[in-house]
Amino acid sequence: MPLPEEFLYQLKLANPIDSVIGSYASLKRSGHDHVALCPFHSEKTPSFHVYTDTQSFYCFGCGAGGDVITFIKRIENLSYIEAVRLLAQRGGLEVPENSADNSAAELKKRIYAINRETANYYFRQLVSGTDKRGLQYFVSRGLKPETIKKYGLGFAPPSWDGLRNHLLSLGYTDKEMIAAGVRSISRNEKNVYDTFRNRVIFPIIDLRGNVIAFGGRVLDDSVPKYLNTSDTAVFKKSRNLFSLNFAKNSPVKKLILAEGYMDVISINQAGFENVVATLGTALTPEQARIMKTYADEVIISYDSDGAGQKATQKAINLLGDAGITTKIIKMEGAKDPDEYIKKFGAQRYKMLLDNSDGAINFELEKCKNGLDLDTETGRVDFLKRTVRVLSQISNALERDVYISKIAKENDINIDVLRAQINSEIRKSHNVEKKKEWQAIRSKPFYSDSLVPERSSALREVKAEESILACIFRNPDFTEKVTAKLSPDCFITEFYRRVFVRYCEKIAENQSFSLSMFSDAFTDEEMGRIAGIEVKSKEVAVDEKGLDDCIKILLDYKNNPLNKDNSQLSDDDLLNIVKSKR
């Protein structure tokens, strides 16, 4: 049963789209609307637009678009009904009973409940279980009782089915436990067992306080050292950050990015609430964009070993792409932040944070690796490396500051250095252009996953888009269109569905809104519909243009060459043969 239109209207009134999106992205006013860096893809120039008059959004860069429900679905990785419930809670509304519920949403509710009970089970095993090894481990790592409680840390006993028996007693099924990731199936599919055994446990909590997954660390030398919940219906590794539920409350728009669970917990215990970590993987573009929501600056505090430095390099690139100012801690005398804080204390670690250096200086310092700068050859090689680094700085003013710095430190002519860098920039630009052209040539002409008919019937597809744009903009034209054009005149399956849905809603005396589509179309489809709606504002289709588009579709339908062979009459076949002759 669909949600009542009156409720959806109240939901949108209680959740103005600029207010909702403004809590996830930094909006700037542009005329009557707002713009921002897109939260769904990495960009340096804002192409994400929020339209307050239509309560919609559209990104001209990646094509994401829709209404406030679509936005929450995408940004929070929720189903339609879950997004509605979240917005209802935000706006102080009650979701009507017996409305659009589904099995997927119910399964997610069960998984959240299983995770909550699992976290409680592991916590009880840690603090009051007979096996004290987990508690001894955390105490040996210097964690205080209040820190253990704050993070809800736990211990998974060696038993293969201890958690299962507990969850069964609460009414959960094996199938639900497997869906939650707390039980696993062996490769030969003959055995099912508790996923985490003989490990200390780190619950992973989302921004709404839900336990969504777990990380587990062994207490001996067995492998893998760390084990994380696989992706589930409520958890995606690439879209979450450990301890962001605490870091988001920091009064400063600055985050510390650490490498592991224990580093984060030690830094937090030392008084730095604004610390997060990735979840068993290297930093992803999605995580970088999430961090941009909560911080303008990120200080990378990775381990000082080779792997940590390599991960730092990747993080610098991704954070830069997301538009975040990046600094790096230079840590000496300890292999990781946890050890550093234990050896030197929280105050010394704060000094490291305060004196952290920018990403460019980190890159320039790396240029010296393996070179003897006392020799002419070493200096030349160093300067060649710096040219490559400085040519990557897009801001001309910032680039010139570093050019002056390097020229002065190495006693070389600044004009010569600048000329070398400009040459490298031109070379890189030409290489990028060549790659773009090769990528274009390698793609199928007019490749379009949503509208595959575009490659064979471009004129007709454009006519369909123009008709939809026209009736979106002028609902009064709908009756004229439906009088001349039936849904089967649309040659594309996708636009036919859009047309049918639109006509149904208009017939119910609804005014046009993207929300009339959001419960029946995917996020990608909503983006395309939003794009048509946005373009309808820029290129108006008048009645004559509408008649021309209708004629294009009717001509296509009435042309016997475009019919399926099984539907052709003898006369049609005869006409085709004559036309071929």
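No hydrogens, no waters, no symmetry mates; every other heavy atom, side chains included, goes into these values.
Between F521 and F494, the ring planes lie perpendicular to each other; the angle is over 60°, past the 30° to 60° tilted range.
Smallest separation of non-hydrogen atoms from G216 and R199: O-NH1, 3.3 Å. When all heavy atoms are compared, the tightest approach of F57 to Y51 is CA-CD1, 4.4 Å. In plain terms, the two heavy atoms of E259 and A277 that are nearest each other are C-CB, 4.3 Å. In plain terms, the two heavy atoms of D519 and M516 that are nearest each other are OD1-O, 4.1 Å. Considering all non-hydrogen atoms of both residues, G66 and M526 come closest at CA-CE, 4.0 Å. Annotation for K292 and G323: closest pair NZ-O, 3.2 Å, computed over non-hydrogen atoms.
Annotation: salt bridge (Lys or Arg N to Asp or Glu O under 4.0 Å) contacts of R473 (sequence neighbours excluded): none. N474 meets the side-chain hydrogen bond (donor to acceptor under 3.5 Å, both in side chains) test with no other residue; sequence neighbours excluded. Residues passing the side-chain hydrogen bond (donor to acceptor under 3.5 Å, both in side chains) test with S56, sequence neighbours excluded: T54. Applying the ring pair (Phe, Tyr, Trp, His ring centres under 6.0 Å) rule to F499 yields the partners F490; only residues at least two apart in sequence or on another chain are considered. For the salt bridge (Lys or Arg N to Asp or Glu O under 4.0 Å) test, residues two or more places apart in sequence or in another chain that qualify with R164 are D174.
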**Intermediate values then yes/no, side chain to side chain contact (heavy atoms under 4.5 Å, CB included), L257 and V276** = CA-CA 5 Å; L257 177 60; V276 297; 4.1 Å; yes
**Request:** Check the pair I212, Y112 against side chain to side chain contact (heavy atoms under 4.5 Å, CB included), reporting the backbone distance first and the verdict last.
**Result:** CA-CA 7 Å; I212 55 174; Y112 282 130; 3.8 Å; yes
**Request:** Give the intermediate values and the outcome of salt bridge (Lys or Arg N to Asp or Glu O under 4.0 Å) for residues E106 and K109.
**Result:** CA-CA 5 Å; E106 283 303 312; K109 284 172 62 178; 3.6 Å; yes
**Asked** How far apart are the C-alpha atoms of M177 and L168, what are their side-chain angles, what is the distance that settles it, and do they pass the side chain to side chain contact (heavy atoms under 4.5 Å, CB included) test?
**Response** CA-CA 9 Å; M177 295 178 212; L168 281 176; 3.8 Å; yes
**Request:** Given side chain to side chain contact (heavy atoms under 4.5 Å, CB included), test V182 with L167 step by step and report yes or no.
**Result:** CA-CA 10 Å; V182 299; L167 293 175; 4.1 Å; yes
**Request:** Tell me, with the steps shown, if T278 and Q287 meet side chain to side chain donor-acceptor pair (under 3.5 Å).
**Result:** CA-CA 8 Å; T278 55; Q287 289 167 332; 5.1 Å; no
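Judged by distance alone, with hydrogens and angles left aside, the side-chain atoms of D448 form a donor-acceptor pair with the main-chain N or O of L450 at under 3.5 Å. No side-chain donor-acceptor contact under 3.5 Å links S518 to the backbone of I69. A side-chain donor-acceptor contact under 3.5 Å links N115 to the backbone of V211. Checked by atom type and distance alone, the side chain of S250 never pairs as donor or acceptor with a backbone atom of A247 at under 3.5 Å. Checking side-chain atoms of E464 against main-chain N and O of I491 turns up a donor-acceptor pair under 3.5 Å. Side chain of T173 to backbone of E176: a donor-acceptor contact under 3.5 angstrom is found. Judged by distance alone, the side chain of D206 and the main-chain N or O of R208 form a donor-acceptor pair under 3.5 Å. Side chain of Q55 to backbone of I17: a donor-acceptor contact under 3.5 angstrom is found. A donor-acceptor pair is defined here as one N or O able to donate and one able to accept, closer than 3.5 Å; no such pair exists between the side chain of D67 and the backbone of L514. No donor-acceptor pair closer than 3.5 Å links the side chain of Y122 to the backbone N or O of P203.
I324 has its side chain out of reach of D296: every pair of non-hydrogen atoms, C-beta onward, lies at least 4.5 Å apart. Residues I467 and L553 meet the side-chain proximity criterion, which asks for heavy atoms closer than 4.5 Å. Between L468 and Y502 there is no side-chain heavy-atom pair separated by less than 4.5 Å. With contacts defined as side-chain heavy-atom distances shorter than 4.5 Å, the pair E460/E453 does not qualify. With a 4.5 Å cut-off on side-chain heavy atoms, R110 and K175 do not count as touching. Residues P39 and R289 fail the side-chain proximity criterion, which asks for heavy atoms closer than 4.5 Å. Within the 4.5 Å cutoff, no side-chain heavy atoms of L244 are placed close to those of N240. The closest side-chain heavy-atom distance from I21 to H34 is not below 4.5 Å.
Salt bridge annotation for R183-D161: absent, with no cationic side-chain nitrogen under 4.0 angstrom from a carboxylate oxygen. Between E493 and R497 a salt bridge is recorded (basic side-chain N to carboxylate O distance below 4.0 Å). Taking the charged nitrogens against the carboxylate oxygens, D548 and K544 do have a contact shorter than 4.0 Å, which makes a salt bridge. Using a 4.0 Å cut-off between a side-chain N of Lys or Arg and a carboxylate O of Asp or Glu, E82 and R85 do not qualify as a salt bridge. Remark: D231 does not engage R239 in a salt bridge, criterion side-chain N to carboxylate O under 4.0 Å. Using a 4.0 Å cut-off between charged nitrogen and carboxylate oxygen, K484 and E543 do not count as a salt-bridge pair.
Around NZ of K254, the count of heavy atoms belonging to other residues, nucleotides or ligands within 6.0 Å does not exceed 12. When the shell of 6.0 Å around NZ of K551 is examined, it contains 12 or fewer heavy atoms from other residues, nucleotides or ligands.
Legend: salt bridge (Lys or Arg N to Asp or Glu O under 4.0 Å) pairs involving residues 9-33, not counting sequence neighbours: none detected.
Residues R90 and S23 have side chains that never bring a donor and an acceptor to within less than 3.5 angstrom of each other.
For the atom pair CG of L255 and CE of M291, the computed distance is 5.0 Å after rounding to the nearest 0.5 Å. The OG atom of S26 lies 8.0 Å from the CG atom of L37; values are rounded to the nearest 0.5 Å. Within the model, atoms SG of C503 and CD of E508 stand 11.5 Å from one another, a figure rounded to the nearest 0.5 Å. Rounding to the nearest 0.5 Å gives a distance of 10.5 Å between OH of Y121 and CD1 of I201. Taking CZ from R197 and CG from L163, the interatomic distance works out to 11.5 Å, rounded to the nearest 0.5 Å. To the nearest 0.5 Å, the span separating SG on C38 from CZ on F48 amounts to 5.5 Å.
The aromatic ring centroids of F40 and F71 lie less than 6.0 Å from each other. Aromatic rings from Y261 and Y151 are positioned such that their centres are separated by 6.0 Å or more.
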